[in-house]
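Order of the sequence lines fixes the chain letters, A, B, ..., with proteins taken first and strands second; residue numbering starts at 1 for each chain.
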Protein chains: 2
Amino acid sequence: MSKATRDKILATTSSLLERQGYHATGLAQIVSESATPRGSLYYYFPDGKEELASEAVALRMRATAEFARRFLGEINDPVEAVYAMIMDMAEKMSKQGCGTGAPIAAVALEASNSSERIRKACADGYQGLQEVLAAKLVMGGFSAERASSLAMTINASIEGGMVLSRTKHDSDILVSIADDMKFLLRSALQASG
Amino acid sequence: MSKATRDKILATTSSLLERQGYHATGLAQIVSESATPRGSLYYYFPDGKEELASEAVALRMRATAEFARRFLGEINDPVEAVYAMIMDMAEKMSKQGCGTGAPIAAVALEASNSSERIRKACADGYQGLQEVLAAKLVMGGFSAERASSLAMTINASIEGGMVLSRTKHDSDILVSIADDMKFLLRSALQASG
DNA sequence: GTCTATAATAAGATAGAC
DNA sequence: GTCTATCTTATTATAGAC
(Lines give C-alpha, C1' and ligand atoms only; values in the text may rest on other atoms or scores of the structure.)
Protein backbone atom coordinates (compact mmCIF):
# COMPACT_ATOMS: atom_id res chain seq x y z
CA MET A 1 0.00 0.00 0.00
CA SER A 2 3.02 2.23 -0.09
CA LYS A 3 2.77 3.00 -3.74
CA ALA A 4 2.77 6.56 -2.46
CA THR A 5 6.29 6.17 -1.11
CA ARG A 6 7.64 4.83 -4.37
CA ASP A 7 5.93 7.60 -6.29
CA LYS A 8 7.28 10.29 -4.01
CA ILE A 9 10.80 8.97 -4.43
CA LEU A 10 10.43 9.01 -8.20
CA ALA A 11 8.93 12.50 -8.28
CA THR A 12 11.67 13.96 -6.11
CA THR A 13 14.37 12.16 -8.08
CA SER A 14 12.95 13.48 -11.33
CA SER A 15 12.99 17.03 -10.05
CA LEU A 16 16.53 16.80 -8.70
CA LEU A 17 17.84 15.18 -11.88
CA GLU A 18 16.37 18.03 -13.90
CA ARG A 19 18.03 20.72 -11.82
CA GLN A 20 21.32 19.07 -10.91
CA GLY A 21 21.97 16.14 -13.17
CA TYR A 22 22.83 12.58 -12.21
CA HIS A 23 26.13 12.65 -10.34
CA ALA A 24 25.33 15.77 -8.35
CA THR A 25 22.16 14.19 -7.01
CA GLY A 26 22.80 12.01 -3.98
CA LEU A 27 20.57 9.31 -2.58
CA ALA A 28 20.66 11.07 0.76
CA GLN A 29 19.25 14.21 -0.79
CA ILE A 30 16.52 12.22 -2.51
CA VAL A 31 15.49 10.61 0.77
CA SER A 32 15.56 13.89 2.64
CA GLU A 33 13.71 15.99 0.06
CA SER A 34 11.07 13.36 -0.56
CA ALA A 35 10.46 12.97 3.17
CA THR A 36 10.48 9.25 2.60
CA PRO A 37 11.53 6.38 4.86
CA ARG A 38 15.27 5.84 4.59
CA GLY A 39 14.89 2.12 4.27
CA SER A 40 12.53 2.27 1.33
CA LEU A 41 14.87 3.31 -1.42
CA TYR A 42 16.67 0.01 -1.90
CA TYR A 43 13.44 -1.84 -1.22
CA TYR A 44 11.72 -0.29 -4.22
CA PHE A 45 14.85 0.05 -6.34
CA PRO A 46 17.10 -2.94 -5.57
CA ASP A 47 19.58 -1.98 -8.27
CA GLY A 48 20.18 1.35 -6.59
CA LYS A 49 20.76 4.69 -8.15
CA GLU A 50 21.00 3.49 -11.73
CA GLU A 51 17.61 1.80 -11.61
CA LEU A 52 16.03 4.72 -9.79
CA ALA A 53 17.32 7.23 -12.31
CA SER A 54 16.25 5.10 -15.27
CA GLU A 55 12.73 4.80 -13.90
CA ALA A 56 12.54 8.50 -13.11
CA VAL A 57 13.69 9.41 -16.61
CA ALA A 58 11.23 7.04 -18.27
CA LEU A 59 8.36 8.25 -16.13
CA ARG A 60 9.18 11.87 -16.72
CA MET A 61 9.40 11.52 -20.48
CA ARG A 62 6.19 9.53 -20.64
CA ALA A 63 4.50 12.39 -18.82
CA THR A 64 6.14 14.93 -21.12
CA ALA A 65 5.00 13.09 -24.26
CA GLU A 66 1.50 12.74 -22.87
CA PHE A 67 1.40 16.44 -22.03
CA ALA A 68 2.54 17.29 -25.54
CA ARG A 69 -0.05 14.98 -27.06
CA ARG A 70 -2.87 16.67 -25.16
CA PHE A 71 -1.55 20.18 -25.69
CA LEU A 72 -1.13 19.71 -29.44
CA GLY A 73 -4.54 18.07 -29.62
CA GLU A 74 -6.27 21.23 -28.49
CA ILE A 75 -5.19 23.32 -31.47
CA ASN A 76 -6.21 22.18 -34.91
CA ASP A 77 -3.47 23.73 -37.04
CA PRO A 78 -0.27 21.75 -36.36
CA VAL A 79 1.93 24.75 -37.06
CA GLU A 80 0.10 26.92 -34.55
CA ALA A 81 -0.04 24.03 -32.10
CA VAL A 82 3.73 23.51 -32.14
CA TYR A 83 4.26 27.24 -31.84
CA ALA A 84 1.93 27.49 -28.85
CA MET A 85 3.60 24.55 -27.15
CA ILE A 86 7.07 26.08 -27.37
CA MET A 87 5.68 29.41 -26.16
CA ASP A 88 4.10 27.62 -23.23
CA MET A 89 7.47 26.07 -22.38
CA ALA A 90 9.11 29.49 -22.53
CA GLU A 91 6.50 30.90 -20.17
CA LYS A 92 6.91 28.10 -17.66
CA MET A 93 10.67 28.43 -17.76
CA SER A 94 10.45 32.14 -17.23
CA LYS A 95 8.18 31.68 -14.21
CA GLN A 96 10.69 29.35 -12.65
CA GLY A 97 13.63 31.65 -13.12
CA CYS A 98 15.23 29.58 -15.88
CA GLY A 99 16.34 27.00 -13.33
CA THR A 100 14.43 24.14 -14.93
CA GLY A 101 13.63 22.85 -18.39
CA ALA A 102 15.26 20.07 -20.41
CA PRO A 103 14.32 17.57 -17.68
CA ILE A 104 16.64 14.79 -18.79
CA ALA A 105 19.28 16.50 -20.93
CA ALA A 106 21.93 16.61 -18.21
CA VAL A 107 21.35 12.98 -17.30
CA ALA A 108 21.42 11.95 -20.96
CA LEU A 109 24.79 13.60 -21.52
CA GLU A 110 26.30 12.34 -18.27
CA ALA A 111 25.15 8.77 -18.77
CA SER A 112 25.53 8.37 -22.52
CA ASN A 113 29.08 7.13 -22.05
CA SER A 114 28.75 5.32 -18.73
CA SER A 115 25.37 3.69 -18.22
CA GLU A 116 23.67 1.86 -21.06
CA ARG A 117 20.54 1.46 -18.97
CA ILE A 118 20.09 5.16 -18.36
CA ARG A 119 21.15 6.03 -21.90
CA LYS A 120 18.42 3.77 -23.27
CA ALA A 121 15.79 5.24 -20.99
CA CYS A 122 16.69 8.71 -22.25
CA ALA A 123 16.77 7.62 -25.90
CA ASP A 124 13.36 5.96 -25.61
CA GLY A 125 11.98 9.03 -23.88
CA TYR A 126 13.15 11.37 -26.61
CA GLN A 127 11.81 8.98 -29.22
CA GLY A 128 8.36 8.96 -27.65
CA LEU A 129 8.17 12.74 -27.65
CA GLN A 130 9.37 12.89 -31.23
CA GLU A 131 6.66 10.50 -32.35
CA VAL A 132 3.98 12.67 -30.78
CA LEU A 133 5.31 15.68 -32.67
CA ALA A 134 5.57 13.74 -35.93
CA ALA A 135 2.01 12.42 -35.63
CA LYS A 136 0.70 15.96 -35.26
CA LEU A 137 2.64 17.12 -38.30
CA VAL A 138 1.29 14.27 -40.41
CA MET A 139 -2.21 15.51 -39.61
CA GLY A 140 -1.17 18.85 -41.04
CA GLY A 141 -0.36 17.43 -44.43
CA PHE A 142 3.30 16.47 -44.12
CA SER A 143 4.46 13.15 -45.43
CA ALA A 144 5.44 10.64 -42.76
CA GLU A 145 9.08 10.99 -43.67
CA ARG A 146 9.11 14.78 -43.69
CA ALA A 147 7.14 14.90 -40.45
CA SER A 148 9.65 12.64 -38.80
CA SER A 149 12.67 14.71 -39.77
CA LEU A 150 10.95 17.97 -38.85
CA ALA A 151 9.94 16.52 -35.49
CA MET A 152 13.59 15.73 -34.90
CA THR A 153 14.62 19.29 -35.64
CA ILE A 154 11.85 20.72 -33.45
CA ASN A 155 12.78 18.41 -30.61
CA ALA A 156 16.44 19.32 -30.93
CA SER A 157 15.87 23.05 -31.10
CA ILE A 158 13.65 22.91 -28.01
CA GLU A 159 16.21 20.88 -26.11
CA GLY A 160 19.08 23.10 -27.17
CA GLY A 161 17.00 26.20 -26.55
CA MET A 162 16.44 25.10 -22.99
CA VAL A 163 20.14 24.48 -22.49
CA LEU A 164 20.88 28.00 -23.70
CA SER A 165 18.01 29.53 -21.74
CA ARG A 166 19.11 27.97 -18.49
CA THR A 167 22.72 28.90 -19.09
CA LYS A 168 22.05 32.51 -20.07
CA HIS A 169 19.10 32.97 -17.74
CA ASP A 170 17.04 34.16 -20.67
CA SER A 171 13.81 32.44 -21.62
CA ASP A 172 13.37 34.68 -24.67
CA ILE A 173 15.64 32.31 -26.56
CA LEU A 174 12.76 29.83 -26.60
CA VAL A 175 10.42 32.54 -27.87
CA SER A 176 12.75 33.18 -30.74
CA ILE A 177 12.91 29.46 -31.47
CA ALA A 178 9.12 29.25 -31.41
CA ASP A 179 9.01 31.97 -34.08
CA ASP A 180 11.60 30.27 -36.26
CA MET A 181 9.99 26.84 -35.96
CA LYS A 182 6.67 28.31 -36.97
CA PHE A 183 8.32 29.93 -39.96
CA LEU A 184 10.14 26.73 -40.85
CA LEU A 185 6.97 24.66 -40.74
CA ARG A 186 4.97 27.16 -42.79
CA SER A 187 7.70 27.29 -45.42
CA ALA A 188 8.01 23.52 -45.53
CA LEU A 189 4.27 23.18 -45.95
CA GLN A 190 4.27 25.59 -48.89
CA ALA A 191 7.19 23.83 -50.52
CA SER A 192 5.50 20.44 -50.30
CA GLY A 193 1.96 21.58 -51.11
CA MET B 1 58.37 27.22 -18.26
CA SER B 2 55.71 24.74 -17.44
CA LYS B 3 53.06 26.38 -19.51
CA ALA B 4 52.89 22.95 -21.05
CA THR B 5 51.73 21.43 -17.79
CA ARG B 6 48.96 23.96 -17.34
CA ASP B 7 47.87 23.47 -20.93
CA LYS B 8 47.81 19.71 -20.62
CA ILE B 9 45.66 19.93 -17.51
CA LEU B 10 43.22 22.20 -19.32
CA ALA B 11 43.08 20.04 -22.44
CA THR B 12 42.42 16.86 -20.46
CA THR B 13 39.83 18.58 -18.30
CA SER B 14 38.07 19.88 -21.38
CA SER B 15 37.89 16.43 -22.89
CA LEU B 16 36.64 14.79 -19.70
CA LEU B 17 34.03 17.48 -19.12
CA GLU B 18 32.70 16.91 -22.60
CA ARG B 19 32.34 13.17 -22.17
CA GLN B 20 31.34 12.94 -18.50
CA GLY B 21 30.19 16.31 -17.27
CA TYR B 22 31.34 18.19 -14.20
CA HIS B 23 30.53 16.08 -11.17
CA ALA B 24 31.53 12.79 -12.73
CA THR B 25 34.98 14.14 -13.51
CA GLY B 26 37.37 13.87 -10.57
CA LEU B 27 40.59 15.76 -10.05
CA ALA B 28 42.37 12.45 -9.65
CA GLN B 29 41.26 11.38 -13.09
CA ILE B 30 42.39 14.67 -14.58
CA VAL B 31 45.84 14.29 -13.06
CA SER B 32 46.15 10.68 -14.15
CA GLU B 33 44.89 11.13 -17.72
CA SER B 34 46.92 14.25 -18.33
CA ALA B 35 50.09 12.55 -17.03
CA THR B 36 50.75 15.72 -15.12
CA PRO B 37 52.55 16.28 -11.80
CA ARG B 38 50.12 15.75 -8.95
CA GLY B 39 51.28 18.87 -7.19
CA SER B 40 50.63 21.17 -10.12
CA LEU B 41 46.87 21.31 -10.15
CA TYR B 42 46.36 23.56 -7.17
CA TYR B 43 49.46 25.52 -8.11
CA TYR B 44 47.96 26.58 -11.44
CA PHE B 45 44.36 26.64 -10.24
CA PRO B 46 44.35 27.81 -6.61
CA ASP B 47 40.55 27.93 -6.48
CA GLY B 48 40.38 24.26 -7.32
CA LYS B 49 37.90 22.44 -9.48
CA GLU B 50 35.56 25.35 -10.05
CA GLU B 51 38.32 27.57 -11.42
CA LEU B 52 39.76 24.76 -13.50
CA ALA B 53 36.40 23.93 -15.06
CA SER B 54 35.63 27.58 -15.76
CA GLU B 55 38.94 28.04 -17.54
CA ALA B 56 38.53 24.83 -19.50
CA VAL B 57 35.04 25.82 -20.61
CA ALA B 58 36.14 29.32 -21.65
CA LEU B 59 39.15 27.99 -23.54
CA ARG B 60 37.14 25.33 -25.29
CA MET B 61 34.43 27.72 -26.43
CA ARG B 62 36.96 30.27 -27.63
CA ALA B 63 38.49 27.53 -29.76
CA THR B 64 35.07 26.46 -30.99
CA ALA B 65 34.13 29.99 -31.99
CA GLU B 66 37.45 30.48 -33.71
CA PHE B 67 37.04 27.21 -35.59
CA ALA B 68 33.56 28.27 -36.69
CA ARG B 69 34.84 31.66 -37.81
CA ARG B 70 37.50 30.09 -40.01
CA PHE B 71 35.25 27.35 -41.33
CA LEU B 72 32.48 29.77 -42.25
CA GLY B 73 35.02 32.11 -43.79
CA GLU B 74 35.98 29.56 -46.40
CA ILE B 75 32.57 29.39 -48.02
CA ASN B 76 31.11 32.53 -49.48
CA ASP B 77 27.42 31.80 -49.30
CA PRO B 78 26.43 31.97 -45.60
CA VAL B 79 23.63 29.46 -46.07
CA GLU B 80 25.96 26.89 -47.62
CA ALA B 81 28.61 27.70 -45.06
CA VAL B 82 26.33 27.02 -42.10
CA TYR B 83 25.11 23.84 -43.77
CA ALA B 84 28.64 22.61 -44.36
CA MET B 85 29.63 23.37 -40.78
CA ILE B 86 26.81 21.31 -39.29
CA MET B 87 27.57 18.49 -41.73
CA ASP B 88 31.19 18.62 -40.60
CA MET B 89 30.08 18.31 -36.99
CA ALA B 90 27.92 15.31 -37.88
CA GLU B 91 30.85 13.64 -39.59
CA LYS B 92 33.18 14.20 -36.66
CA MET B 93 30.62 12.91 -34.21
CA SER B 94 30.04 9.83 -36.34
CA LYS B 95 33.76 9.11 -36.47
CA GLN B 96 33.96 9.22 -32.68
CA GLY B 97 31.04 6.89 -32.13
CA CYS B 98 28.68 9.60 -30.93
CA GLY B 99 30.53 9.77 -27.62
CA THR B 100 31.45 13.40 -27.94
CA GLY B 101 29.89 16.64 -29.15
CA ALA B 102 28.24 19.46 -27.20
CA PRO B 103 31.50 20.07 -25.33
CA ILE B 104 30.03 22.14 -22.52
CA ALA B 105 26.33 21.30 -22.50
CA ALA B 106 26.51 18.87 -19.60
CA VAL B 107 28.59 21.27 -17.54
CA ALA B 108 26.26 24.16 -18.36
CA LEU B 109 23.22 22.23 -17.16
CA GLU B 110 24.91 20.87 -14.06
CA ALA B 111 26.34 24.20 -13.00
CA SER B 112 23.57 26.58 -14.02
CA ASN B 113 21.99 26.21 -10.59
CA SER B 114 25.07 25.75 -8.44
CA SER B 115 28.09 27.70 -9.69
CA GLU B 116 27.70 31.23 -10.95
CA ARG B 117 31.30 31.25 -12.10
CA ILE B 118 30.94 28.20 -14.33
CA ARG B 119 27.50 29.28 -15.49
CA LYS B 120 28.94 32.57 -16.69
CA ALA B 121 31.82 30.93 -18.48
CA CYS B 122 29.33 28.76 -20.37
CA ALA B 123 27.01 31.66 -21.15
CA ASP B 124 29.89 33.76 -22.48
CA GLY B 125 31.10 30.83 -24.53
CA TYR B 126 27.73 30.28 -26.16
CA GLN B 127 27.43 34.02 -26.78
CA GLY B 128 30.77 34.12 -28.57
CA LEU B 129 29.79 31.31 -30.91
CA GLN B 130 26.44 32.91 -31.59
CA GLU B 131 28.09 36.17 -32.58
CA VAL B 132 30.29 34.39 -35.10
CA LEU B 133 27.21 32.82 -36.65
CA ALA B 134 25.33 36.11 -36.67
CA ALA B 135 28.20 37.97 -38.29
CA LYS B 136 28.26 35.46 -41.13
CA LEU B 137 24.52 35.77 -41.66
CA VAL B 138 24.74 39.56 -41.80
CA MET B 139 27.18 39.18 -44.66
CA GLY B 140 24.53 37.14 -46.45
CA GLY B 141 22.03 39.97 -46.41
CA PHE B 142 20.17 39.44 -43.16
CA SER B 143 19.47 42.39 -40.93
CA ALA B 144 21.47 42.48 -37.71
CA GLU B 145 18.38 41.67 -35.70
CA ARG B 146 17.24 38.78 -37.88
CA ALA B 147 20.76 37.40 -38.05
CA SER B 148 20.98 37.42 -34.28
CA SER B 149 17.74 35.52 -33.74
CA LEU B 150 18.54 33.01 -36.48
CA ALA B 151 21.99 32.47 -35.00
CA MET B 152 20.31 31.67 -31.71
CA THR B 153 18.08 29.08 -33.35
CA ILE B 154 20.98 27.53 -35.26
CA ASN B 155 23.08 27.37 -32.12
CA ALA B 156 20.23 25.79 -30.17
CA SER B 157 19.40 23.22 -32.82
CA ILE B 158 23.05 22.18 -33.06
CA GLU B 159 23.36 21.85 -29.29
CA GLY B 160 20.10 19.96 -28.99
CA GLY B 161 20.98 17.85 -32.00
CA MET B 162 24.17 16.78 -30.33
CA VAL B 163 22.34 15.88 -27.14
CA LEU B 164 19.97 13.69 -29.15
CA SER B 165 22.75 12.22 -31.28
CA ARG B 166 24.80 11.23 -28.27
CA THR B 167 21.79 9.79 -26.50
CA LYS B 168 20.46 7.83 -29.45
CA HIS B 169 23.87 6.97 -30.87
CA ASP B 170 22.77 8.37 -34.21
CA SER B 171 24.67 11.18 -35.87
CA ASP B 172 22.14 11.37 -38.71
CA ILE B 173 20.05 13.60 -36.50
CA LEU B 174 22.58 16.35 -37.12
CA VAL B 175 22.40 15.72 -40.85
CA SER B 176 18.67 16.22 -40.75
CA ILE B 177 19.16 19.42 -38.76
CA ALA B 178 21.69 20.65 -41.31
CA ASP B 179 19.09 20.17 -44.03
CA ASP B 180 16.37 21.96 -42.10
CA MET B 181 18.61 24.87 -41.14
CA LYS B 182 19.62 25.31 -44.76
CA PHE B 183 15.96 25.34 -45.73
CA LEU B 184 15.09 27.75 -42.93
CA LEU B 185 17.82 30.19 -43.94
CA ARG B 186 16.93 30.05 -47.63
CA SER B 187 13.27 30.68 -46.84
CA ALA B 188 14.10 33.52 -44.46
CA LEU B 189 16.30 35.13 -47.08
CA GLN B 190 13.54 34.99 -49.68
CA ALA B 191 11.03 36.44 -47.23
CA SER B 192 13.26 39.39 -46.37
CA GLY B 193 14.64 40.05 -49.84
C1' DG C 1 57.04 23.81 -9.23
C1' DT C 2 56.31 19.69 -7.44
C1' DC C 3 56.02 16.10 -3.77
C1' DT C 4 53.60 13.14 -0.18
C1' DA C 5 50.55 12.65 3.38
C1' DT C 6 46.40 13.51 5.21
C1' DA C 7 42.33 15.91 6.68
C1' DA C 8 37.44 16.10 6.25
C1' DT C 9 33.62 14.74 4.11
C1' DA C 10 30.41 12.36 1.26
C1' DA C 11 29.28 8.95 -1.83
C1' DG C 12 26.66 4.25 -3.02
C1' DA C 13 25.64 0.01 -1.16
C1' DT C 14 24.80 -3.93 2.21
C1' DA C 15 23.56 -6.64 6.52
C1' DG C 16 20.70 -7.83 9.93
C1' DA C 17 17.20 -6.42 13.29
C1' DC C 18 12.43 -5.45 13.80
C1' DG D 1 8.34 -2.17 4.69
C1' DT D 2 11.32 0.19 7.27
C1' DC D 3 15.38 1.11 10.49
C1' DT D 4 20.13 1.73 11.97
C1' DA D 5 24.76 0.83 11.58
C1' DT D 6 28.51 0.14 8.85
C1' DC D 7 31.66 -1.07 4.89
C1' DT D 8 34.22 0.59 1.19
C1' DT D 9 35.61 3.79 -1.62
C1' DA D 10 35.71 8.12 -3.62
C1' DT D 11 35.73 12.99 -3.38
C1' DT D 12 37.98 18.08 -2.85
C1' DA D 13 41.24 20.41 -0.51
C1' DT D 14 45.24 21.63 2.55
C1' DA D 15 49.84 21.46 4.99
C1' DG D 16 54.44 21.30 4.94
C1' DA D 17 58.69 19.33 2.95
C1' DC D 18 61.86 19.75 -0.86
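Side-chain proximity of A/Thr5 to D/dT11, D/dT2, D/dA13: nearest is D/dT2. Taking only side-chain atoms of B/Tyr42, from C-beta outward, the nucleotide of D/dT11, C/dG12, D/dA13 with the closest atom is D/dA13.
We find that CD1 of B/Ile9 is positioned 14 Å from P of D/dT12, with the value rounded to whole Å. When rounded to the nearest whole Å, the span between CZ of B/Phe45 and C1' of D/dT14 equals 18 Å. Atom CG in A/Asp47 sits about 14 Å away from atom C1' in C/dT14, given to the nearest Å. Spacing between atom CG of A/Leu41 and atom C1' of D/dT4 amounts to 15 Å, rounded to whole angstrom units. If you measure from atom OH of B/Tyr43 to atom P of C/dC3, you get 13 Å, rounded to the nearest angstrom. The OH-P distance, from B/Tyr44 to C/dC3, rounds to 11 Å in whole Å. Rounding to whole angstrom units, CG of residue A/Leu27 and P of C/dG12 are separated by 4 Å. One atom, NE2 of A/His23, and another, C1' of D/dT12, lie 16 Å apart when rounded to the nearest Å.
Note on A/Ser40: a side-chain N or O is less than 4.0 Å away from OP1 or OP2 of D/dT2.
Under the 4.5 angstrom side-chain criterion for Ile, Leu, Val, Met, Phe, Trp and Tyr, the cluster partners of B/Val175 are B/Tyr83, B/Met87. Cluster partners of B/Val138, using a side-chain heavy-atom cutoff of under 4.5 Å among ILVMFWY residues and allowing indirect links: none.
Between A/Met85 and A/Ala68 the shortest heavy-atom distance is SD-CB, 3.8 Å.
Both tests pass for A/Lys49 against the ring of A/Tyr22: distance under 6.0 Å to the centre and angle within 45° of the axis.
Using a 4.0 Å cutoff on non-hydrogen atoms, no part of residues 49-59 of chain B comes near DNA chain C. Contact check of residues 29-39 of chain B against DNA chain C (heavy atom, cut-off under 4.0 Å) returns B/Pro37, B/Arg38, B/Gly39.
Partners of A/Lys120 according to the salt bridge (charged side-chain N to carboxylate O under 4.0 Å, His left out) rule, which considers only residues two or more places apart in sequence or in another chain, are A/Asp124. Not counting sequence neighbours, B/Glu50 has no partner by the salt bridge (charged side-chain N to carboxylate O under 4.0 Å, His left out) test. In this structure, A/Asp179 has no salt bridge (charged side-chain N to carboxylate O under 4.0 Å, His left out) partners at least two apart in sequence or on a different chain. B/Phe45 pairs by the ring pair (Phe, Tyr, Trp, His ring centres under 6.0 Å) definition with nothing, not counting sequence neighbours.
Pairs of residues two or more places apart, or lying in two chains, that qualify as salt bridge (Lys or Arg N to Asp or Glu O under 4.0 Å) and include a residue from residues 16-34 of chain B are B/Glu18-B/Arg60, B/Arg19-B/Glu33.
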